[in-house]
Amino acid sequence: MNPRNAVVVGGNRTPFVKAGGKYAMASAQDLLTAALDGLIARFGLAGQQVDEVVAGAVLKHTRDFNLTREAVLGSSLSNHTPACDLQQACGTGLEAVVYVANKIKLGQADVGIAGGVDSASDAPIVVTEPLRKALLALSRARSLPQKLSALGKIRPADLMPVPPAVVEPRTGLSMGESQAMTTKKWAVTREEQDQLAYESHQKLAKAWDEGFFDDLVTPYLKVAKDGILRPETTMEALGKLRTVFGKDDPTMTAGNSTALSDGAALVLLAEEEHARAKGWPVLAKVIDAQVAASDYVTGSEDLLMAPARAIPELLKRNNLSLQDFDYYEFHEAFASTVLATLKSLEGQGLSAVDRDKVNVKGSSLAAGHPFAATGGRIVASLAKMLADKGPGSRGLISICAAGGQGVVAILEA
Amino acid sequence: MARDVVELKELPDVSKVLVKALTGAVTKKGRRAELPNRSYLMTSHEQDVARLAEYCRVTGFTLRDEVPATWLHVQTFPMQAALMAEDAFPFSLAGLVHVTNTMTLHRPVKVGEKLRMLVRAENLQPHAKGGTFDMVGEIHAGDELVWSGSSNYLASGAKVAGEPGEPVRLQAPEVAPSQQWRLPPDLGRQYAKVSGDSNPIHLYPLTAKVFGFPRPIIHGMWTHAKALSSLGALPEAYEVKVQFAKPILLPGKVGFAAAEGQDGGWGFAVVNKAGKPHLVGELGPAAS
């Protein structure tokens, strides 16, 4: 039997914007449906059945238990299109791509859509634990005294809603606070971080100017371009920002850390022959992927550096060295995450990465980072870059995620 | 016949207009009916994304760049209300019953598009219970007609000369309801906020009683919008006709039945527990 290749056909995303901004009124389902609408329009999928749509969101309401299926039902895909919600923090989008690619390779699907959405504006607000318990007791109560007793247990402070916390449950530290420890440990300087942030904005702005995103992004709610992008920013301006994470000698600012964002991104994948028969572009093959996790809870390892464990394993299995790539996509959760990960890889005896090949069309610092949407953004952009570069060109994707996890993957044109 | 066109710089404030249109009952009674020979025009209307988002949430639509056809009707509503509140308008809003609505989406309309909106009243006809007329709206984007709509109203007790014609009746699809909708008591207030139609019959039990309803009733145009959003993906262009058969009291529980016809068209109905229709509708290709 001939091996089946899973290929990236194309992608579509909404422009990304700052949380609480232009998409403040849109739900995660609205955003995901908008990204799906654009993908359907781009590839003429209206009325058609896709073998599976897989997506997820990190900040998720309980009402969105079938988020992706609901988006499918709201779209013009055939209602016979099944869907699955998948979640692995910021690795969600890339994990969804891996899930679909694996099904395609196994012969369980010919065409699939993968990606994710996040709306920090549509984050679920929940009730306090004492209020939840009192309300449960109230619903069980049969007699009036029982009901009054349940109500009597509620204290005024219990009535305050609980917004979602962006802290790691096991360390109580926010991602920025954890990353500040990593930044210090790996001696990443303020200037290196600002330089990376500056270049991210420069490169993303150039990509927009060149029309790179014309067939990757569909405008949404009067927004046509990523809202966080600051083409006019300078090293001086970035250098003046006050630090927000870390204590002694802090170096991390709002400029070299990603902003909370809203947006959705999806990728269309297909079995290679199937794609060719349909006359679809074949941008790049999904070659292989690897997940890993770091032991960060007691501080012996870093929260956001699991990719530094996953990459060597992935390279070894594929008989590749770290130099065998034309492009590298290191998700910029924070500028220092990318820089510390590169230092760690080099420290493991892998020779240095050519910085000119890293995030050449900009990354999350400039584009924004709606958690689960980042994987879809990166896969679609990288696949297009590899197709432009030509057959045989290869790219490496690295995405860190909460919980000390990391997902990495190889694409090849 | 040349019409007198009144150009509006901004949309009328519906709450003020409504008071006038409703109280018109006192002064307008018994007059011989004649529609004002006048159109209202707004040359550049910008759609409000936040308002659209709320509209979609209340009516069940997904918030997308392409707006629902019923949203476009809502855009013209303040102009319709202002026209009906004019001294020259022969009927009081309090005595009007929305009987049917027909609208055509000629092509997808985006929320970012600026709209040129025109409304007028026409086609006064005798009816067994009084007279009927059409509130007609047209929306252009640039030079292109993108939406047109017509709301047929019955003015009970109006004096219109001539013999009443046969009323048009739409047929409900002969299928069992596949959906159940639960309408909360404040739904009329929610829809009033997003549509601008704060007619008191939709708001509170007390204000509804003043106008002879035991409880508030939901806006017919909410039911219309909810029916469209409940069909799932809609064609890029379409014509939809609905007939308002019986008001839905709030709070309420109703069924929704739909059957797919040819050309991707639909027949649908919103029905009560006994299967009697509150609304009957048909969706089909846009007449060019």
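Only this structure's heavy atoms are used, side chains among them; waters, hydrogens and symmetry mates stay out. Here is how names work: the chains are called A, B, and so on, in the same order as the sequence lines, proteins then strands, and each is numbered from 1.
Taking CG of A:Leu260 as the reference point, atom OG of A:Ser121 lies at 9.0 Å (rounded to 0.5 Å).
For A:Lys103 and A:Asp51, the salt-bridge test fails: no basic side-chain N is under 4.0 Å from an acidic carboxylate O.
Across all their heavy atoms, B:Ser151 and B:His73 have their closest contact at OG-CE1, 3.5 Å.
Both cation-pi conditions hold for A:Lys361 and A:Phe212: the charged atom is under 6.0 angstrom from the six-membered ring centre and inside a 45 degree cone around its axis.
With sequence neighbours excluded, the residues satisfying salt bridge (charged side-chain N to carboxylate O under 4.0 Å, His left out) with B:Lys9 are B:Glu7.
Two residues are said to be in side-chain contact when any heavy atoms from C-beta on lie closer than 4.5 Å; A:Leu216 and A:Arg377 fail this criterion.
In this pair, B:Phe244 and B:His98 present their aromatic rings tilted. The plane angle is within the 30 to 60° band. Ring pair A:Phe213/A:Trp208 is tilted by interplanar angle, where 30° to 60° counts as tilted.
Of residues 170-178 of chain B, no residue lies under 4.5 Å from chain A by any heavy-atom pair. Heavy-atom proximity under 4.5 angstrom to chain B picks out A:Met25, A:Ala26, A:Ser27, A:Asp30 from residues 23-32 of chain A.
A donor-acceptor contact closer than 3.5 angstrom links the side chains of B:Gln47 and B:Trp71.
Within the structure, the side-chain hydrogen bond (donor to acceptor under 3.5 Å, both in side chains) test picks out the following pairs touching residues 189-199 of chain B (sequence neighbours left out): B:Asp186-B:Gln190.
Between chain B and the residues A:Thr33, A:Asp37, A:Leu73, the most heavy-atom pairs under 4.5 angstrom are made by A:Asp37.
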